[in-house]
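Working notes, structure below.
Note that these values count all heavy atoms, side chains included, but never hydrogens, waters or copies made by symmetry.
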Amino acid sequence: MELTHIFGELNKVQREAVASEPGPLLILAGAGSGKTRVLTYRIAWLIEALSISPLSILAVTFTNKAALEMRHRIESILGFNIRGMWIGTFHSLSHRILRAHHQEANLPEAFEILDADDQYRLIRRILKELQLNEEHWQPRQIQWFINNKKEEGIRSIHLKNDNENMDHTLLRIYEHYENLCQRFGLVDFSELLLRTHELFSNNQDVLKNYRTRFSYTLVDEFQDTNKIQYQWLKIITEPRNHIFAVGDDDQSIYGWRGARIENMTNFQYDFPETQIIRLEQNYRSTGNILQAANAVIDHNKGRLGKNLWTEDGDGDPIKVYAAYNDLDEGKFVLDTIHTWIADGHRRDSIAILYRSNAQSRIFEELLFDSGTPYRVYGGLRFFERAEVKDVLAYLRLIHNRNSDPAFERIVNVPPRGIGNRTLETLRDHSRKTNHSLWNSVIDLLSIDDTPMRIRTRLQAFVDLIDSIDKQIASLELHEQTSIVIDRSRLVPHYQKIGGEKALTRIENIEELVNAAKNFNSEPDADGVINPLEDFLANAALEAGESQAEAWQDCVQLMSLHSAKGLEFKLVFLCGVEEGLFPHQRSIQESGGLEEERRLCYVGMTRAMQQLFITWAEIRYLHGRENYSKPSRFLLEIPEKLIHNIRSINMQPDARIDRSAATDAITENDEIQLGSRVVHKSFGAGTVITIEGQGASARVQVNFEDAGNKWLVLSYANLNPE
DNA sequence: GCGGAGACCCTTTTT
DNA sequence: GGGTCTCCGC
């Protein structure tokens, strides 16, 4: 068979991986070594060379984005579409399986997915019911505990039986949570995985069905799997063990969320006769960048071992800039960016990476003021926004009256006189009767001693929901959405309270109609299509990544975590200071420091041509001034690979000078290039040049009446217009 | 029940 | 610095 279109694109080791005999295979794929390429070509090879049907292949990823991209890439190699092939995240695949076998999995047909926010609210409600103090029983920690246990495959019943030291109250909360979810058909993210795994272990018929169907399993980012995900993979793959796992232990950065790097080391023992292939040739970065990254990661113990190399040249040294404060750091980055763009590069070839999202603000301000287009990744995603979740909650309640999370969310949004007092009564009733909140309302309406005013308001709410339901019953999804938005009166509500954010919120609400319009519902296993149900599940499972402007040419700002898997010609690694990176809290955790170091490795290996590392001696964090030292990671890079733009070890004298200058800049930081200013005698004008810093800083201002003037900032007494 | 003023907290993020 | 949550007065 003619397979040059597959093999022609690959190097020798990649070819070996792609064309290896079916069987357990672990690919250790270093950063930039063509991981995705190997994965997609492997699938193409199975289909073309072994004539495996796409329907017999199961491909698992961690994000929806990765799943989508993989599908596109495979289709473009093959030249035909593979619509029926199962490519998805652990969660979306589990969801699909549970929908198809909800009875065997002991779930109601209309079971609902709880996202992290819904789960948090539910836990708080339980704490209240159990009359536990939130100070002592922090909802976040409970949430973390429950998810952690589920991700280890442990239910409350196991804790009860196996562990005598188990905290009694914690156990009671977990138990209560499980009961409530079971009773009302609520499934949180970890439950999707756990429940599917239990379905497979308890139901041989179902398991056999999937084992027969899927003869080949492939996993991406294997280093990020947690315990239950690994078991999920094992149970579906055995006994054939045709599993193809691709990962990089050096890029495991989600340990704090349950990912088990040990899964990589255990793989070869759990799947006997595992073949291990190392992809070490890097096609992304210059020699210097690779050497520096290798040197840093080499400080970690217990690695599987890998050394990246490249056939390309050394390139420029790593440039390190020691700033005196965060503003100076920002200005340096901005200047460098402008030079880079002036040299003819695209803006989207640039990434500013940082450890914590709070660091983006200063860069955003500077980029904004200089009129440089930029885009910040991370933060709240579309379907997680409060206003969007409100609309969805109306839809959820209409679809399933027994959805307590949806009920709680919107029963009084916009305010309709059903306050905490009434809600407490409802919750109380619900607890006693085991009825959902909605049914509790119905109950209360039929009880004679319910006060008239409460009765009126509850009735109005019931009527509203019922009447919207009736009105939208036979309409298209986007029409349903549009009517719900209209009749819920959420837009006027946000208009009323919104303030500055009102406009964005209303835009988001309206954008939801478009999202509904563009949503393609897939028929389930029985060929049934339920667009609304699908849409709601999808909203929970897919956070709603990048919206429209994703492809515009702008500077990219993101946390190091979100940068994994991406590459940029020019990378700035910012805030590389002890306490911030590695983060203070991670230094205290066991294994925390090594994970931070991997994060540093991930950051450095994003750079193709040029890597800048910056740190600031003074940083404003949480409104306070902090003094820092350069990160230990910086000191782990061999000096010969570094070009210092300013000495890391500042002279004491220089330090005084610089902090003085810092103050002056901070005081005047509203004066920027392009700022509108007013002078006592020259009147209004625009700042067109700024030179120097501190007491000697000078600006050139183009005054409307007086023309161009040079002024010394500390004497001129300029005020913002 | 509503809404404004102050207290409080604060890594990383996907599903 | 800023977003969320609580408390309190109306």
Side-chain angles (χ1 to χ4, degrees), chain A residues 60-67 88-95 113-121 124 134-135 138-140 147 150-151 187-193 221 224-226 228-229 253-259 326 353-362 365 377-381 383-384 386 411-424 453-454 457 496-497 499-501 537-545 558-565 575 579-589 592 595-596 598-600 602-603 619-625:
Chain A
V60 193
T61 63
F62 273 83
T63 66
N64 293 298
K65 201 171 137 197
T89 64
F90 280 102
H91 293 85
S92 68
L93 296 170
S94 296
H95 173 241
I113 301 174
L114 284 186
D115 70 11
D117 185 54
D118 299 330
Q119 186 187 33
Y120 177 77
R121 287 158 179 263
R124 291 190 63 188
E134 279 197 13
E135 305 252 306
Q138 290 180 6
R140 289 269 167 236
N147 289 336
K150 285 194 180 181
E151 274 155 19
V187 177
D188 62 42
F189 288 138
S190 15
E191 183 74 29
L192 285 168
L193 305 177
E221 307 277 16
D224 286 337
T225 49
N226 61 32
I228 194 73
Q229 286 163 338
I253 54 175
Y254 287 109
W256 52 275
R257 176 175 103 179
D326 43 6
L353 307 182
Y354 34 75
R355 178 65 178 85
S356 74
N357 282 316
Q359 285 167 255
S360 74
R361 209 197 80 247
I362 202 153
E365 281 171 11
Y377 287 76
L380 265 195
R381 269 160 290 276
F383 286 111
E384 284 171 351
V411 65
N412 203 30
V413 178
R416 49 174 72 88
I418 304 172
N420 243 328
R421 247 340 236 294
T422 312
L423 218 53
E424 278 307 325
R453 38 188 299 163
I454 291 179
R457 289 164 176 177
K496 195 174 149 206
I497 60 163
E500 262 183 52
K501 281 179 296 179
N538 187 71
L541 287 174
E542 191 195 324
E545 257 290 291
M558 67 190 85
S559 73
L560 286 157
H561 284 88
S562 348
K564 192 168 74 155
L580 184 61
F581 188 32
H583 197 275
Q584 195 57 47
R585 285 170 78 155
S586 70
I587 297 175
Q588 291 142 15
E589 288 161 19
E595 181 151 311
E596 294 282 302
R598 293 193 289 269
L599 194 53
C600 182
V602 167
R619 181 173 299 277
Y620 295 86
L621 267 179
H622 320 307
R624 300 188 130 243
E625 204 178 48

Under 4.0 Å between any heavy atoms, over every strand shown, what does R598(A) touch: base, sugar-phosphate, or nothing? Just pick one. nothing
Examine dT12(B): is either OP1 or OP2 under 4.0 Å from a nitrogen or oxygen in the side chain of S586(A)? Give yes or no. no
Compare side-chain N and O positions of N64(A) against OP1 and OP2 of dT15(B) and report whether any pair is under 4.0 Å apart. yes
When the distance from CZ of R140(A) to P of dC10(B) is rounded to whole Å, what number comes out? 10 Å
Counting the atoms with a prime plus P, OP1 and OP2 as sugar-phosphate, which does R453(A) contact under 4.0 Å by heavy atoms, base, sugar-phosphate, or nothing? nothing
d(OH, Y620(A); C1', dG2(C)) in whole Å: 18 Å
Choosing from dG3(B), dG2(C), dT14(B), which nucleotide comes nearest the side chain of K496(A)? dG3(B)
Of all heavy-atom pairs between Y377(A) and N357(A), which one has the smallest distance, and what is that distance? O-OD1, 4.4 Å
Tell me whether the OP1 or OP2 atom of dT13(B) has a side-chain N or O from S559(A) closer than 4.0 Å. yes
Mind checking if N420(A) touches a base, just sugar-phosphate, or nothing, with heavy atoms under 4.0 Å? sugar-phosphate
Looking across every strand, which nucleic acid part, if any, lies under 4.0 Å from E595(A) by heavy atom: base, sugar-phosphate, or nothing? nothing
Taking all non-hydrogen atoms of both residues into account, name the closest pair between G88(A) and L93(A) and its distance. O-CD1, 3.7 Å
Determine the minimum heavy-atom distance between H91(A) and L541(A), stating which atoms define it. CB-CD2, 3.9 Å
Of dC2(B), dT13(B), dG1(C), the nucleotide closest to the side chain of R257(A) is dT13(B)
Using a strict 4.0 Å threshold on nitrogen-to-oxygen distance, state whether K65(A) and E542(A) make a salt bridge. no
Quick check on DNA chain B: between F62(A) and S356(A), whose nearest nucleotide comes earlier from the 5' end? S356(A)
dT13(B) OP1/OP2 closer than 4.0 Å to side-chain N/O of N357(A): yes
In whole angstroms, the gap separating P of dT15(B) from CG of D117(A) amounts to 16 Å
Compare the aromatic ring of Y254(A) with the six-membered base ring of dT14(B) and state whether they stack according to the 5.5 Å and 30° rule. no
Do D326(A) and Q359(A) have side-chain N/O donor and acceptor atoms under 3.5 Å apart? no
The answer to which of R416(A) and M558(A) contacts DNA chain B further toward the 5' end, by nearest nucleotide, is R416(A)
Which nucleotide in the set dT14(B), dT13(B), dG1(B) lies at the smallest distance from any side-chain heavy atom of T63(A)? dT14(B)
Atom pair distance, as rounded to whole Å: CG in L621(A) and P in dG1(C): 12 Å
Short side-chain N/O contact to dT6(C) OP1/OP2 from R124(A), under 4.0 Å: yes
Atom CG of N226(A) and atom C1' of dT13(B): how far apart are they, to the nearest Å? 14 Å
Side-chain N,O (S562(A)) to OP1/OP2 (dT12(B)) below 4.0 Å: no
Taken to the nearest whole Å, NZ/K65(A) to C1'/dT13(B) is 13 Å
Does N147(A) have a side-chain nitrogen or oxygen under 4.0 Å from the phosphate oxygens OP1 or OP2 of dT14(B)? no
Minimal non-hydrogen separation, G258(A) against E151(A), with atom names: CA-OE1, 4.4 Å
Under 4.0 angstrom, heavy atoms only, what part of the nucleic acid is D115(A) near: base, sugar-phosphate, or nothing? nothing
Between atom NE2 in H583(A) and atom P in dT13(B), what is the gap in whole Å? 12 Å
D118(A) atom CG is separated from dT15(B) atom P, nearest whole Å, by 16 Å
Need one value for S190(A): base, sugar-phosphate or nothing, where a base atom within 4.0 Å counts as base even if backbone is also close, heavy atoms only. nothing
